[in-house]
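Working notes, beginning with the structure itself.
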Amino acid sequence: MGRPRARRRMIELFKGTYTGVSVRHLPGGKTVRLLERIILPDGTTIPAGFICDLDSVARELGPLYTWLKGRTVLGAIVHDYCYRHHRPRKQSDQLFKQVMAWEQVRRRYRLPIYWAVRGFGWFFVYE
């Protein structure tokens, strides 16, 4: 047996190259638990252990759902955290777009995801 891999303890947004985020899928498959801290540009920390549903793309969108689902993990975590902690919606959505760019989500996916969030995110704000 090999040595266990050392885990990062945090991700600082926009510092260095993005190399992935560690999450654990929870029973039922609809939510994940964050396994490392994320430091937002304003110094706010998303704690390890934060639970979210990643992306809440409506299944009613059919093929569009399949095309967009799962394209961003870090962006979805940051966005869920911002909404849950009552950050201004426009600021949260803009940060979401910036994080997706840092994650290297292709523009052809990033922009439709961003505009879907801008168009329909109000439905999920502060629930």
Side-chain angles (χ1 to χ4, degrees):
M1 292 194 196
R3 274 176 55 188
R5 285 189 292 164
R7 291 186 187 250
R8 286 185 313 228
R9 301 208 181 259
M10 70 176 192
I11 294 175
E12 242 183 299
L13 290 185
F14 314 123
K15 304 282 182 180
T17 303
Y18 175 71
T19 58
V21 60
S22 297
V23 296
R24 173 169 289 131
H25 290 270
L26 299 176
K30 295 188 182 201
T31 56
V32 297
R33 179 186 310 273
L34 181 63
L35 299 178
E36 57 196 337
R37 296 181 304 144
I38 299 172
I39 312 296
L40 302 181
D42 67 1
T44 302
T45 299
I46 301 174
F50 177 70
I51 296 173
C52 70
D53 67 355
L54 295 179
D55 39 13
S56 303
V57 178
R59 296 188 193 300
E60 294 79 29
L61 296 176
L64 188 59
Y65 168 80
T66 305
W67 186 62
L68 297 177
K69 183 77 175 160
R71 297 283 176 187
T72 176
V73 174
L74 182 62
I77 292 168
V78 169
H79 193 255
D80 281 3
Y81 182 86
C82 288
Y83 270 25
R84 197 171 302 165
H85 288 85
H86 307 284
R87 298 257 178 134
R89 184 172 163 249
K90 187 172 184 177
Q91 176 189 8
S92 299
D93 295 349
Q94 189 63 38
L95 181 59
F96 177 55
K97 186 168 105 177
Q98 293 168 344
V99 172
M100 283 193 294
W102 190 56
E103 277 184 287
Q104 299 181 8
V105 174
R106 288 181 155 183
R107 192 169 194 258
R108 71 183 194 175
Y109 302 117
R110 184 171 68 238
L111 293 181
I113 293 168
Y114 170 75
W115 286 111
V117 164
R118 285 301 299 152
F120 301 102
W122 61 270
F123 185 73
F124 298 98
V125 176
Y126 314 140
E127 49 172 49

**Set of residues satisfying side chain to side chain contact (heavy atoms under 4.5 Å, CB included) with respect to Pro41, sequence neighbours excluded** =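 Result, side chain to side chain contact (heavy atoms under 4.5 Å, CB included) vs Pro41: Leu13, Phe14, Leu95.
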**Asked** What pairs with Ile39 under side chain to side chain contact (heavy atoms under 4.5 Å, CB included), at least two apart in sequence or on another chain?
**Response**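 With sequence neighbours excluded, Ile39 shows a side chain to side chain contact (heavy atoms under 4.5 Å, CB included) to Met10, Glu12, Arg37, Thr45, given in chain and number order.
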**Message:** Is it the case that the side chain of Glu103 and the backbone of Gly75 share a donor-acceptor pair, with hydrogens and angles ignored and the cut-off at 3.5 Å?
**Reply:**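 Such a contact is found between Glu103 side chain and Gly75 backbone.
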**Asked** Do side-chain atoms of Trp102 reach the backbone of Gly16 as a donor and acceptor pair under 3.5 angstrom?
**Response**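 Yes, Trp102 side chain to Gly16 backbone: donor-acceptor pair under 3.5 Å.
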**Request:** Begin with the C-alpha distance, continue with both residues' side-chain angles, and end with the deciding distance and a verdict on side-chain contact (heavy atoms from CB on, under 4.5 Å) for Lys90 and Arg118.
**Result:** CA-CA 8 Å; Lys90 187 172 184 177; Arg118 285 301 299 152; 4.0 Å; yes
Interatomic distance, [X] atom [atom1] to [Y] atom [atom2] [nearest 0.5 angstrom]:
{"X": "Arg71", "Y": "Arg106", "atom1": "CZ", "atom2": "CZ", "result": "8.5 Å"}
{"X": "Thr31", "Y": "Asp53", "atom1": "OG1", "atom2": "CG", "result": "8.0 Å"}
{"X": "Thr19", "Y": "Ile11", "atom1": "OG1", "atom2": "CD1", "result": "6.5 Å"}
{"X": "Arg84", "Y": "Ile51", "atom1": "CZ", "atom2": "CD1", "result": "8.0 Å"}
{"X": "Arg89", "Y": "Gln94", "atom1": "CZ", "atom2": "CD", "result": "12.5 Å"}

**Closest non-hydrogen atom pair, Tyr81 against Pro47** = CE1-CD, 4.1 Å
**Asked** Would Val99 and Tyr18 satisfy side-chain contact (heavy atoms from CB on, under 4.5 Å), going step by step from the backbone distance to the final call?
**Response** CA-CA 10 Å; Val99 172; Tyr18 175 71; over 6 Å; no
**Prompt:** Residues two or more places apart in sequence or in another chain: which of them pass side-chain hydrogen bond (donor to acceptor under 3.5 Å, both in side chains) with Gln98?
**Reply:**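 With neighbours one apart ignored, the set is empty.
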**Request:** Using side-chain hydrogen bond (donor to acceptor under 3.5 Å, both in side chains) as the criterion, list what pairs up with Thr44, not counting sequence neighbours.
**Result:**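 Only Asp42, Arg87 meet the side-chain hydrogen bond (donor to acceptor under 3.5 Å, both in side chains) criterion with Thr44.
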**Request:** Could you point out which residue of Val32, Val78, Ile46, Val23 forms a side-chain contact (heavy atoms from CB on, under 4.5 Å) with Cys52?
**Result:**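 Answer after filtering Val32, Val78, Ile46, Val23: Val32.
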**Request:** Evaluate the ring planes of His85 and Phe50, with Trp represented by its six-membered ring, and classify them as parallel (under 30°), tilted (30 to 60°) or perpendicular (over 60°).
**Result:**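 The rings of His85 and Phe50 sit tilted, inter-plane angle from 30° to 60°.
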Contacts table for residues 109-117: side-chain donor-acceptor under 3.5 angstrom, sequence neighbours left out:
unit_1	atom_1	unit_2	atom_2	d
Arg110	NH1	Val105	O	2.7

**Asked** Thinking salt bridges, do Asp93 and Lys97 make one under a 4.0 Å N-O criterion?
**Response**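 Result for this pair is no, no salt bridge flagged.
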